Amino acid sequence: GAVVSQHPSWVICKSGTSVKIECRSLDFQATTMFWYRQFPKQSLMLMATSNEGSKATYEQGVEKDKFLINHASLTLSTLTVTSAHPEDSSFYICSARVQASSYEQYFGPGTRLTVT
Amino acid sequence: SQELEQSPQSLIVQEGKNLTINCTSSKTLYGLYWYKQKYGEGLIFLMMLQKGGEEKSHEKITAKLDEKKQQSSLHITASQPSHAGIYLCGADSSLGNEKLTFGTGTRLTIIP
């Protein structure tokens, strides 16, 4: 099956710094990738839809200036959490849809961000 | 916006027993996905249902879609410790839409 990787798997940063998370589709091209965040014991909440070569579409309530998304190639999307604060600590998961098949969406292993 | 409610929220089952998890949508279902998640890890795709009445099986897991009821069920037969985890249903928010809305999740614990 299609494989999606994320890097790093976990990161600890100080408040006020920025953190970049990478999401890669390893064996397929993904024109669209999605970014989710998940708080402990809660479900996944879609943050934004990342489209290759164009601006990301953010969900209501998600600050686009704080969560910068770049989809520079068909296999890579990045999420940068700018000026991170402790409330940004969460589990961030990306996904990509293999459009050539039956709309299966494959998820990365997630990145746990802790802001101190 | 579409909302998905899963029941039960948590389930503790003795190994070898059968169990069912339900996912009910507040709107029409265009595509229903089932995923499994280990705590702190990514999601593992289990199966996808598109048509009313559709039923799919993989090993000991069977999922059904009741389009009229806007509901899907996930049934595990003869549960094993490896089935433990969080089960999430996800749905396409509209026809042809790629964005998924996820259910509240069901935490499954298997007692040996």
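By convention in this document, chain letters (A, B, ...) are assigned in the order of the sequence lines, proteins followed by strands, and residues within each chain are numbered from 1. In what follows, every heavy atom counts, from backbone to side chain, and hydrogens, waters and symmetry copies are set aside. These numbers come from a predicted model, not from an experiment.
- Taking hydrophobic clusters as Ile, Leu, Val, Met, Phe, Trp and Tyr residues chained together by side-chain heavy-atom distances below 4.5 Å, B:Tyr33 does not share a cluster with B:Leu49.
- A side-chain donor-acceptor contact under 3.5 Å links A:Ser43 to the backbone of B:Gly103.
- Heavy atoms of other residues, nucleotides or ligands lying less than 6.0 angstrom from NZ of B:Lys36 number more than 12.
- Rounded to the nearest 0.5 Å, atoms OG1 (B:Thr101) and CE (A:Met45) are 8.5 Å apart.
- No more than 12 heavy atoms of other residues, nucleotides or ligands shown are found within 6.0 angstrom of CD1 on B:Ile12.
- Linking Ile, Leu, Val, Met, Phe, Trp and Tyr residues whenever their side-chain heavy atoms come within less than 4.5 Å places B:Leu100 and A:Leu44 in a single cluster.
- Other residues, nucleotides and ligands contribute more than 12 heavy atoms inside 6.0 Å of the NZ atom of A:Lys66.
- Residues A:Phe107 and B:Phe45 place their aromatic rings such that the two centres sit no closer than 6.0 Å.
- Residue B:Gln9: no heavy atom, backbone or side chain, is found under 4.5 Å from chain A.
- Among B:Met47, B:Arg107, B:Glu41, the residue with the largest count of heavy-atom pairs under 4.5 Å with chain A is B:Glu41.
- B:Glu3 CD: 12 or fewer foreign heavy atoms inside a 6.0 Å radius.
- Note that CZ of B:Phe102 is 9.5 Å distant from CD of A:Gln38, once rounded to the nearest 0.5 Å.
- Interface residue B:Leu43: backbone and side-chain heavy atoms are both found under 4.5 Å from chain A.
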